[in-house]
Structures are given as C-alpha cells and as structure tokens.
Amino acid sequence: EYEKILSTAGPVIDMARTIASKKQLPPMAFELNIDGLIVSANFSDIREDGAYFLSFGKLNSARLLSGWIKHLFLNACAPLDYPKKTILIGRDPKGKKPIVTFSFPRLESNAFKYFKELTQIYEKGKNQPFYFFCETSWQFLQALSRGNGELDPLKLDKDLIFKAMNKSKASWYGGYFNSGEKQDRYVSNCVENNDPFESVDALVSSGFVQNSITVYKPLLENLKITS
C-alpha cells in the first residue's frame with residue numbers, strides 16, 4: 001500500500017521541488033469591480049515564469065475550470081510586466097501518465113471580457129437554474145470540438161449535437177462503477193423533472209449547449225498540454 005501511494009505521490013512531490021527552486025514573487029492581492037460586484041483574490045505562489053497550481057488529485061474538469069477562472073482574474077488585474085502564465089500540475093485524469101502539466105498563456109484584453117461573462121453567469125444563476133454541469137459539459141464540448149463542428153450555438157448541426165450528447169451521457173447518468181452528475185442531489189434539484197438529456201431538443205432548449213460553449217470554449221481554445 002505504501003509503495004502504491006509513493007508511486008502516485010512521488011512525481012507530484014518531485015514537481016513541487018522543481019517549482020520551489022524557481023524565484024518566488026511577492027504575494028499579490030487584487031480586486032475588481034464589475035457592475036457593482038466586487039471580486040477579490042490573493043495570489044501567493046507566483047513564480048518568475050507564472051502562477052502554479054499543484055494538486056495530488058486528477059486534473060479533471062473542475063480543477064481546470066477553477067484554474068481558468070483564477071487565470072482570467074490574474075490576467076485582468078495584474079500589472080503589465082507581471083508573469084501571467086498559469087501552470088496546472090496534477091495526476092492524469094485519463095490514468096495514462098503519472099502526472100500531467102496543462103497551462104494557459106498570457107491573455108490581453110480578452111481576460112476581462114471572459115471574466116465578466118462568468119460573473120454575469122454567476123448573477124444569472126442566483127435567480128434561475130443555469131444548466132451547466134462541470135464534467136458533463138466538459139465531455140460534451142470536447143466531443144463537439146472533435147466533431148469538427150463550429151462551436152457557435154446558432155450554427156451547430158443537430159446531428160453533431162446528438163453525437164456529442166451520446167458521448168457525454170456517461171458523465172450525466174453514470175455507469176456500473178461511477179455515479180453521474182445527475183445523481184448529485186443539488187443537480188437533481190436543479191433539473192427536477194426536466195432532464196436535458198431526454199432529447200436533442202430538450203438539451204438545446206434547456207440552455208445546456210449554449211452554456212457549455214460560453215463557459216468552456218475560451219478555456220479549451222487556450223488550454224495547452226505541455227507534458
């Protein structure tokens with residue numbers, strides 16, 4: 001058991017040592033006012049080449065999205081001469097490698113635009129259900145992008161949506177060895193008797209397709225797999 005734990009944690013520990021050898025910049029605190037919504041955050045592990053986020057867990061969709069939001073905030077707030085690359089390190093979600101490294105590049109004016117879109121989603125979600133489900137939406141959008149379709153909700157072919165829906169159903173409904181997002185009690189309360197995966201029309205009318213593209217398209221376009 002110890003050997004198994006060590007083989008899993010070892011590569012992450014080695015990477016942590018590598019990061020620690022890089023010059024660390026002073027901690028920074030930032031604040032944004034977006035239409036009256038105050039957003040603030042502290043960044044304490046920014047190195048000479050960017051911000052690092054290291055995890056012993058798998059780099060799944062939730063960790064990627066969390067890293068992306070922090071990346072947008074850093075790029076929207078930090079001084080122009082500040083390193084604005086974000087590096088995410090963790091276990092391979094596909095289980096093929098002991099460790100993987102993803103990164104987001106420095107963004108210019110788009111950072112504020114994308115971050116503002118997410119704050120608008122946050123405000124909207126306080127008043128009505130927002131049909132976006134972290135892992136299912138991620139699998140859906142990846143399937144759409146692999147289908148060579150244009151990631152524009154107004155131009156998507158129904159057949160392409162149907163194929164992407166089928167490929168992401170396992171994340172929604174689950175299987176023999178894992179539960180799906182639909183089984184989460186909070187998600188269950190959100191969808192109630194309106195299962196968006198009942199049909200392509202239901203998926204589109206629920207807003208799931210549009211919402212998945214709005215949240216994940218910029219992330220996917222800027223995501224780099226570095227190792």
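Here the closest heavy-atom approach between residue K158 and residue V200 is recorded as CG-CG1, 4.2 Å. Minimum heavy-atom separation, F104 to L223: CE2-CD1, 3.6 Å. F197 and M165 make their closest contact through CD2-CG, 3.4 Å (heavy atoms, listed as atom of the first residue, atom of the second, distance). Listed here is the closest heavy atom pair of L219 and L65: CD1-CA, 3.9 Å. Shown here for S145 and L151, the closest heavy-atom pair between the two residues is N-CD2, 4.2 Å. In terms of heavy-atom proximity, L220 sits nearest to L141 at CD2-CD2, 4.2 Å.
Atom CD of E117 is separated from atom OG1 of T119 by 9.0 Å, given to the nearest 0.5 angstrom. Between the CE atom of M15 and the CD1 atom of I19 there is a distance of 6.5 Å, given to the nearest 0.5 Å. Taking CG of D35 as the start and NZ of K116 as the end, the distance is 4.5 Å to the nearest 0.5 Å. In this structure, CG on L107 lies 9.0 Å from OG on S109, to the nearest 0.5 angstrom. Atom CG of L59 is separated from atom CG of L54 by 9.0 Å, given to the nearest 0.5 angstrom. In this structure, the separation between CZ on F162 and OG on S199 is 10.5 Å, given to the nearest 0.5 Å.
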N60 and W138: side-chain hydrogen bond (donor to acceptor under 3.5 Å, both in side chains), yes or no, with the steps? CA-CA 9 Å; N60 55 19; W138 177 240; over 6 Å; no

Dump the intermediate steps for side chain to side chain contact (heavy atoms under 4.5 Å, CB included) on F140 and V209, then the final yes or no. CA-CA 8 Å; F140 177 78; V209 176; 3.8 Å; yes

Show your working on side chain to side chain contact (heavy atoms under 4.5 Å, CB included) between L88 and R63 and close with a plain yes or no. CA-CA 9 Å; L88 306 168; R63 289 190 170 92; over 6 Å; no

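The side-chain heavy atoms of T86 and K70, taken from C-beta on, include no pair separated by under 4.5 Å. Two residues are said to be in side-chain contact when any heavy atoms from C-beta on lie closer than 4.5 Å; V191 and P196 meet this criterion. L32 places a side-chain heavy atom less than 4.5 Å from the side chain of C77. For the pair I13 and F56, the minimum side-chain heavy-atom distance is below 4.5 Å. The closest side-chain heavy-atom distance from F208 to I161 is not below 4.5 Å. Residues F112 and I34 meet the side-chain proximity criterion, which asks for heavy atoms closer than 4.5 Å. Side-chain contact check for P79 versus M28: some heavy-atom pair is nearer than 4.5 Å. The shortest side-chain heavy-atom distance between C190 and D184 does not fall under the 4.5 Å cut-off.
A donor-acceptor contact shorter than 3.5 Å links the side chain of S137 to the backbone of F133. Between the side chain of N211 and the main chain of F132, no donor-acceptor pair closer than 3.5 Å is present. Between the Q183 side chain and the G180 main chain, a donor and an acceptor come within less than 3.5 Å of each other. Between the side chain of N75 and the backbone N or O of A111 there is no donor-acceptor pair closer than 3.5 Å. The main-chain N or O of E135 is found under 3.5 Å from a side-chain atom of E181 such that the two form a donor-acceptor pair. Judged by distance alone, with hydrogens and angles left aside, the side-chain atoms of R47 form no donor-acceptor pair with the main-chain N or O of P83 at under 3.5 Å. With hydrogens and angles ignored, the 3.5 Å screen pairs a side-chain donor or acceptor of K84 with a backbone N or O of A78. Under the 3.5 Å distance criterion, the side-chain polar atoms of H71 are matched with a main-chain donor or acceptor of P105. Put simply, the side chain of T226 gets close to the backbone of T101: a donor and an acceptor are under 3.5 Å apart. Within the 3.5 Å criterion, the main-chain N or O of C134 finds a donor-acceptor partner in the side chain of Y216.
In K58, the NZ atom is not crowded: 12 or fewer heavy atoms of neighbouring residues, nucleotides or ligands sit closer than 6.0 Å. The number of heavy-atom neighbours closer than 6.0 Å to NZ of K126, taken from other residues, nucleotides and ligands shown, is above 12. Around atom NZ of K85, no more than 12 heavy atoms belonging to other residues, nucleotides or ligands sit under 6.0 Å away.
Side-chain N/O atoms of W68 and N222 include no donor and acceptor closer than 3.5 Å.
Grouping the Ile, Leu, Val, Met, Phe, Trp and Tyr side chains by contacts below 4.5 angstrom, directly or via other members, places F130 apart from Y186.
The aromatic rings of F115 and F73 sit tilted relative to each other, their planes meeting at an angle between 30° and 60°.
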